Amino acid sequence: MASQNLLEMQQINKVFGSGLSKVHVLHDINFSAAAGHLNLILGPSGSGKSTFLTIAGGLQAPTNGQVIIAGQSLAALSAKQRDNLRLKQIGFVLQSYNLLPYLNVSDQFSLVDRIKPNNNLSAAKLKKLLKELDIAELIAKYPAELSGGQNQRVAIARALYPNPAIILADEPTAALDSQRVEQVGQLFANLAHNEKKAVIIVTHDLRLKKFADQINEISDGHLQQTIVND
Ligand SMILES: Nc1ncnc2c1ncn2[C@@H]1O[C@H](COP(=O)(O)OP(=O)(O)OP(=O)(O)O)[C@@H](O)[C@H]1O
């Protein structure tokens, strides 16, 4: 199948600090994510997964190497152009959830409308998504009133609401029990397979393996092997 690479990383290195405190976190990473595929990046704590994901999404710059999103090299863009590209193309599910504590669930979505007024999910599709994630009853609640797993599912819904072509998720199942992992894994797989999104999940949760089209392993900052599920 000829598939379109929505995200490419070429010869990415990331070094923090200098001298004795220098840490070389990512080594010569080459990676691409195609529309219609769910990519899993597996690795233990401290292996560089979050650094990989934040560089992939342009939240931080690599020390060297290129990130290309939807055909555009991030290094060639101004900060404002990068923000714009990110807003239009990428849905982030971050470990910290990044929900605003003073907004109820419904208003978390209204805020997205204020920042990006167009091309977000229709009200009917949002309702369906909230039902799929079993959070439709929670829309009047504030983050502090929700469990970790509920907050995680709200964060997933909010990342999907702008209808991004690329979904980058950092440990999106960390707070979920096994039944929810199945639901969320299936939801991400459907987004890839039915809606032709490029989905990239970094995790150490092996329960997600069966949903992946491509599995990479990251170890000490090296992206080691690629296994493609049958
Ligand atoms: N801003 C930073 N400055 C210095 N070192 C950093 C910085 N960010 C990350 N690191 C280091 O890079 C390494 C990889 O961190 P990273 O958070 O990417 O790993 P991870 O695989 O996501 O871990 P976890 O699963 O625990 O979140 C760690 O040794 C970390 O201390």
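As the structure is a computational prediction, the values presented were derived from the model and not from experiment. One-based numbering, in listed order, for ligands and for the atoms of each. Positions are given from 1, in the same order as the sequence printed here.
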At a 4.0 Å threshold, what atoms of ligand 1 neighbour a non-hydrogen atom of [X]?
| X | result |
| --- | --- |
| Q95 | 27 (O) |
| K49 | 18 (O), 19 (O), 20 (P), 21 (O), 22 (O), 25 (O) |
| G46 | 13 (C), 14 (C), 19 (O), 20 (P), 21 (O), 23 (O), 24 (P), 26 (O) |
| P44 | 21 (O) |

Which protein non-hydrogen atom lies closest to [atom], naming both residue and atom, and how far is it?
| atom | value |
| --- | --- |
| atom 1 (N) of ligand 1 | F16 CE2, 3.4 Å |
| atom 26 (O) of ligand 1 | S45 OG, 2.6 Å |
| atom 17 (O) of ligand 1 | S50 CB, 3.7 Å |
| atom 16 (P) of ligand 1 | T51 OG1, 3.6 Å |

Practice task
Report, as yes or no, whether the 6.0 Å neighbourhood of atom NE2 on H24 holds more than 12 heavy atoms from other residues, nucleotides or ligands.
Solution key: yes
Handout entry: Flag if over 12 foreign heavy atoms under 6.0 Å of CG, N119
Key = no
Handout entry: Sub-4.0 Å protein heavy atom next to atom 19 (O) of ligand 1
Key = yes
Practice task
Ignoring hydrogens, tell whether any protein atom lies closer than 4.0 Å to atom 4 (C) of ligand 1; use the non-hydrogen atoms only.
Solution key: yes
Problem - Backbone of Q11 reached by a side-chain donor or acceptor of N30 within 3.5 Å - result: yes
Practice task
Could you tell me whether a side-chain N or O of S147 sits under 3.5 Å from a main-chain N or O of Q150, the two making a donor and an acceptor?
Solution key: yes
Handout entry: Any donor-acceptor N or O pair under 3.5 Å, side chains N13, T63
Key = no
Problem - S73 versus Q66, side-chain donor and acceptor atoms under 3.5 Å - result: yes
Exercise for the section: Check whether any heavy atom of G43 sits under 4.0 Å from an atom of ligand 1. Expected result: no
Exercise for the section: Check H204 against ligand 1 and report side chain, backbone, both or neither, counting heavy atoms closer than 4.0 Å. Expected result: neither
Exercise for the section: Of the side chain and backbone of V25, name the one, both, or neither that has a heavy atom under 4.0 Å from an atom of ligand 1. Expected result: side chain
Practice task
Using the six-membered ring wherever Trp is involved, compare the ring planes of F52 and F31 and label them parallel, tilted or perpendicular (cut-offs 30° and 60°).
Solution key: perpendicular
Exercise for the section: Treating Ile, Leu, Val, Met, Phe, Trp and Tyr as nodes and any side-chain heavy-atom pair under 4.5 angstrom as an edge, say whether L111 and I156 lie in one connected cluster. Expected result: no
Problem - Among K209, K49, E171, side chain to side chain donor-acceptor pair (under 3.5 Å) partner for T203 - result: E171
